[in-house]
Amino acid sequence: MGVSDGLFDGGLFESDAQHRAGEHLAANAPLAVRMRPANLDEVLGQDHLLGPGAPLRRLVEGAAPASVLLYGPPGTGKTTLATLVSTATGRRFVALSALSAGVKEVRAVIEEARRRLGRNGEATVLFIDEVHRFSKTQQDALLGAVEDRTVLLVAATTENPSFAVVSPLLSRSLVLQLRSLSDEDIRSLLRRAVTDERGLGGELDLVQEAEDHLVRLAGGDARRSLTALEAAAESARSQGGKEITLAIVEATVDKAAVRYDRDGDQHYDVISAFIKSIRGSDVDAALHYLARMIEAGEDPRFIARRLMVHASEDIGMADPTALQVAVAAAQAVQLIGMPEGKLNLAQATIHLATAPKSNAVTTAIDAALSDVRGGATGTVPPHLRDGHYAGAKKLGNAQGYRFPHNVPEGVLTQQYPPDDLIGRDYYQPTARGAERPLSERLPKLRKVIRGDS
């Protein structure tokens with residue numbers, strides 16, 4: 001039916017009653033469920049939302065009865081926070097899955113919530129996972145109940161709510177963005193899981209190399225790190241060992257630990273080879289180095305940032321769409337996370353590697369900066385100065401300025417640079433890709449602007 005007044009989706013969601021009586025479930029529940037934070041102090045990586053007086057802390061503590069949209073990558077604690085909202089004040093907790101629930105289920109939950117509220121004042125927290133998968137009709141069905149607070153809605157999504165949630169529901173909810181967990185957050189979580197009675201209870205030791213590899217594999221996803229740890233622990237137990245080693249983790253998660261130190265030479269060597277392969281238009285080599293970084297657990301956001309820089313640095317106006325593709329890939333990685341984000345990174349890598357190359361953008365801004373740093377600044381020509389304040393006219397500001405849109409061609413003769421920089425050419429387009437038309441058009445523009453005969 002898609003509705004749960006208790007366990008839902010393999011035990012990921014608990015009602016308040018089952019949370020209090022959850023001891024029977026804990027032993028058989030997945031490690032990621034057993035290690036779910038029982039209070040705010042155990043929540044990792046979301047300090048920006050949980051500081052004193054912060055909206056989410058006030059909501060969890062029952063002081064701010066506003067509906068919220070929790071937006072962030074997988075494994076950042078959206079479900080955990082929804083559960084804490086309900087358990088903190090003893091509210092009834094009901095979960096709906098946007099994958100299986102329809103308008104009928106939504107209305108049934110709201111009607112029951114209304115009856116309970118009227119009968120004994122019991123409030124209901126309605127948690128909807130992947131709310132972006134709800135249709136407009138399904139989302140609209142929530143509006144009335146959210147408006148009159150029949151239910152306290154806590155919805156989770158990995159998609160940008162501005163695009164994935166209907167405007168009326170968005171305006172009635174507080175949007176809170178969760179961040180991917182840092183490496184240190186993941187490391188703290190793994191160590192807690194190894195020693196905590198809810199976890200491995202200290203029966204196994206996690207060696208440093210294995211811990212490092214699990215951190216890399218997690219990619220900021222708490223659930224992924226705990227799932228991998230649990231599988232490795234089961235493997236270690238089956239072998240009668242007392243340690244979770246790197247070899248066990250490798251064998252368990254079916255990934256080779258690429259020898260790659262994210263703070264050492266390999267980190268810089270591989271990213272350097274990646275960028276130089278793209279610059280050299282060797283798409284296959286670029287994909288190889290991308291795969292090495294992904295397999296080693298490199299932060300995908302780091303890779304995306306390098307792609308965005310490269311799009312302007314070595315491609316620029318030869319293919320203006322390169323920057324758009326790189327930015328889109330970075331946004332997609334942020335929204336989707338790994339492992340699916342590898343497809344976005346691969347697409348951007350292929351686009352950039354096969355694009356025509358030009359470093360004219362780089363040389364242009366470097367040349368301009370060199371002049372400015374060398375003191376070649378000069379004064380702004382009077383006709384270009386701001387003329388919108390009192391007294392500007394008396395100073396001669398903005399007098400004689402010619403408006404380009406007043407002539408049919410949209411370009412006219414007029415001095416724009418300071419006197420000392422007249423005739424200085426910074427941008428020199430190549431004849432490659434989309435810069436070829438620019439290389440033909442730019443001399444004509446300069447000729448008209450400068451009044452050269």
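Treat the numbers as computed from the prediction; the structure is a model and nothing was measured. Side chains are part of it too, since the values below use all heavy atoms of this structure and drop only hydrogens, waters and symmetry mates.
- When all heavy atoms are compared, the tightest approach of A193 to L229 is CB-CD2, 3.8 Å.
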T363 and Q428: CA distance, side-chain angles, deciding distance, side-chain contact (heavy atoms from CB on, under 4.5 Å) verdict
CA-CA 8 Å; T363 57; Q428 301 288 353; 5.8 Å; no
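- Between the side chain of K357 and the main chain of G433, no donor-acceptor pair closer than 3.5 Å is present.
- In plain terms, the two heavy atoms of P417 and P381 that are nearest each other are O-CG, 3.4 Å.
- Between the OG1 atom in T379 and the CG atom in D420 there is a gap of 8.0 Å [rounded to 0.5 Å].
- M293 contributes atom CE, which lies 14.5 Å from atom CZ of R216 (distance to the nearest 0.5 angstrom).
- Distance check, rounded to the nearest 0.5 Å: CD1 of I350 to CG of D284 gives 9.0 Å.
- The shortest non-hydrogen separation linking V165 to L170 is CG1-N, 4.1 Å.
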Yes or no on side-chain contact (heavy atoms from CB on, under 4.5 Å) for L49 and L81, after CA distance, side-chain angles and deciding distance?
CA-CA 11 Å; L49 297 178; L81 291 168; 5.6 Å; no
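- In summary, the side chains of D140 and T137 do not present any donor paired with an acceptor at a separation below 3.5 Å, with no hydrogens or angles considered.
- Counted by atom type alone, T321 and Q324 present zero donor-acceptor pairs between their side chains at under 3.5 Å.
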When you look at R187 and E184, which way does the salt bridge (charged side-chain N to carboxylate O under 4.0 Å, His left out) test go after all the steps?
CA-CA 5 Å; R187 196 177 301 280; E184 287 310 306; 3.6 Å; yes
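- Between the side chain of K78 and the backbone N or O of G72 there is at least one donor-acceptor pair closer than 3.5 Å.
- The CD1 atom of I303 lies 11.5 Å from the CZ atom of R306; values are rounded to the nearest 0.5 Å.
- K276 places no side-chain N or O within donor-acceptor distance of the main-chain N or O of F274, the cut-off being under 3.5 Å.
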